[in-house]
Number of protein chains: 2
Amino acid sequence: MKINKELLKGSTQIMLLSLLSRGDMYGYQMIQELKLISGNVFELKEGTIYPLLHALEGDGAVASYWKDTSEGRRRKYYRLTDAGRMMLKDRRSEWTDYVAAVNKVIGGEEI
Amino acid sequence: MKINKELLKGSTQIMLLSLLSRGDMYGYQMIQELKLISGNVFELKEGTIYPLLHALEGDGAVASYWKDTSEGRRRKYYRLTDAGRMMLKDRRSEWTDYVAAVNKVIGGEEI
DNA sequence: CTATATACATAGGATAACTATGTATTTAGG
DNA sequence: CCTAAATACATAGTTATCCTATGTATATAG
């Protein structure tokens, strides 16, 4: 059994991969989407998300490409690769196991 | 809204507090209980749990007392204080919000 | 025309949990 | 009998994650 211990430290990776599974996005956009979808619970900083995306790209989970907007602004879009899709599937089951385990521990006492 | 960002990094504190809400326990025992209840998902190390218990005691969330067993072994028991009980209540609602937020993000895509 | 929002990037710092190591006692196995 | 493993505590040092701070550059609002 035994889940990845890194999961304990954070769940940002699985959320980024999930966002990209809905469609290609750029970093700044992902920060806003995360904030919106989570109802202001997650407000990732740029200093958090960009290095994370670079790491995911280094692992081959995502691929990036530049795109220019009509206003002259450049954006770096990220796309989920097949490897990333597999990674997401694994992380998802880890997440489920993890939450179930915590709930077993914290639910079942009389406060 | 916005939950405690430290929650992202781990949920050990809430689990230790929850264990103690069931009754007084000593550190080594809590490691075993956590492993048992979680179905081998959590196998906290001594290097993790002892400093954590010391920190919780420093915060006034738990109180400790030594007890000798009949075999001559000494054990340091921890008891949840009223402050700890309040802390547990807060952490519990944070945990619920946190899980709900992650699920909103990761559930709702087509893989 | 200046402040804010957008959009990228990285160096350095804080913190949580782990590894490694130490002490001491009890129990199980060869 | 004696050594290994389990019990029970403790802490120093390492690693990894996320944040803060800072930088560049363009577009938009007041």
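Only a predicted model underlies this, so the values are computations on that prediction, with no experimental measurement involved. Order of the sequence lines sets the chain letters (A, B, ...), proteins ahead of strands, with each chain counted from 1.
Contacts between residues 24-37 of chain B and DNA chain C, defined by a heavy-atom separation below 4.0 Å, involve no residue at all.
Listed pair Thr12(A) / dC18(D) meets the phosphate criterion, a side-chain N or O lying under 4.0 Å from OP1 or OP2. Contact annotation: Tyr50(A) reaches the phosphate of dC8(C) (side-chain N/O to OP1 or OP2, under 4.0 Å). Using a 4.0 Å cut-off, some side-chain N or O of His54(A) falls inside it from OP1 or OP2 of dT10(C). Between Lys45(B) and dT19(C) there is a side-chain N or O to OP1 or OP2 distance below 4.0 Å.
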Generate the contact string for nucleotides 23-30 of chain D. Rules: B means base contact, S means sugar-phosphate contact only, - means no protein heavy atom under 4.0 Å. ---BS---
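Without hydrogens or angle criteria, Ser18(B) side chain to Ile14(B) main chain gives a donor-acceptor distance under 3.5 Å.
The interatomic distance linking Arg91(B) (CZ) with dA16(C) (C1') rounds to 13 Å, in whole Å. Straight-line distance from the CD atom of Glu43(A) to the C1' atom of dC19(D): 13 Å, rounded to whole Å. As rounded to whole Å, 19 Å separates atom P of dT7(D) from atom CG of Asp68(B). In this entry the distance linking CZ of Arg74(A) with C1' of dT6(C) reads 12 Å, nearest Å. Distance Leu56(A) CG to dT17(D) C1': 13 Å, rounded to the nearest Å. When rounded to the nearest whole Å, the span between CG of Leu53(B) and P of dT11(D) equals 12 Å. Whole-Å rounding puts the Ile49(B) CD1 to dA20(C) C1' distance at 18 Å. Across the protein-nucleic acid pair, Leu44(B) atom CG and dT19(C) atom C1' stand 14 Å apart, rounded to whole Å.
By the side chain to side chain contact (heavy atoms under 4.5 Å, CB included) test, Ala63(A) pairs with Arg79(A), Thr81(A), sequence neighbours left out. By the side-chain hydrogen bond (donor to acceptor under 3.5 Å, both in side chains) test, Asp59(A) pairs with no residue at all, sequence neighbours left out.
Comparing Pro51(B) and Trp66(A), the nucleotide of DNA chain C nearest to each residue sits closer to the 5' end for Trp66(A).
Annotation: ring-ring contact (aromatic ring centres under 6.0 Å, His included) contacts involving residues 56-90 of chain B, sequence neighbours excluded, comprise Tyr26(B)-Tyr77(B), Tyr65(B)-Tyr77(B). Note on residues 24-37 of chain B: pairs passing salt bridge (Lys or Arg N to Asp or Glu O under 4.0 Å), not counting sequence neighbours, are Lys35(B)-Glu43(B).
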Could you go through Ile49(A) and Tyr28(A), starting from their C-alpha distance and side-chain angles, then the distance that decides it, and tell me whether this counts as side chain to side chain contact (heavy atoms under 4.5 Å, CB included)? CA-CA 8 Å; Ile49(A) 207 165; Tyr28(A) 199 85; over 6 Å; no
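Looking at every heavy atom in both residues, Leu20(B) comes nearest to Met30(B) through CG-CE, 3.7 Å.
Atoms CG and CE, on Leu88(B) and Met15(B) in that order, are 12.5 Å from each other to the nearest 0.5 Å.
For the residue pair Ser11(B) / Tyr98(A), a side-chain donor-acceptor distance below 3.5 Å is found, with atom types taken as modelled.
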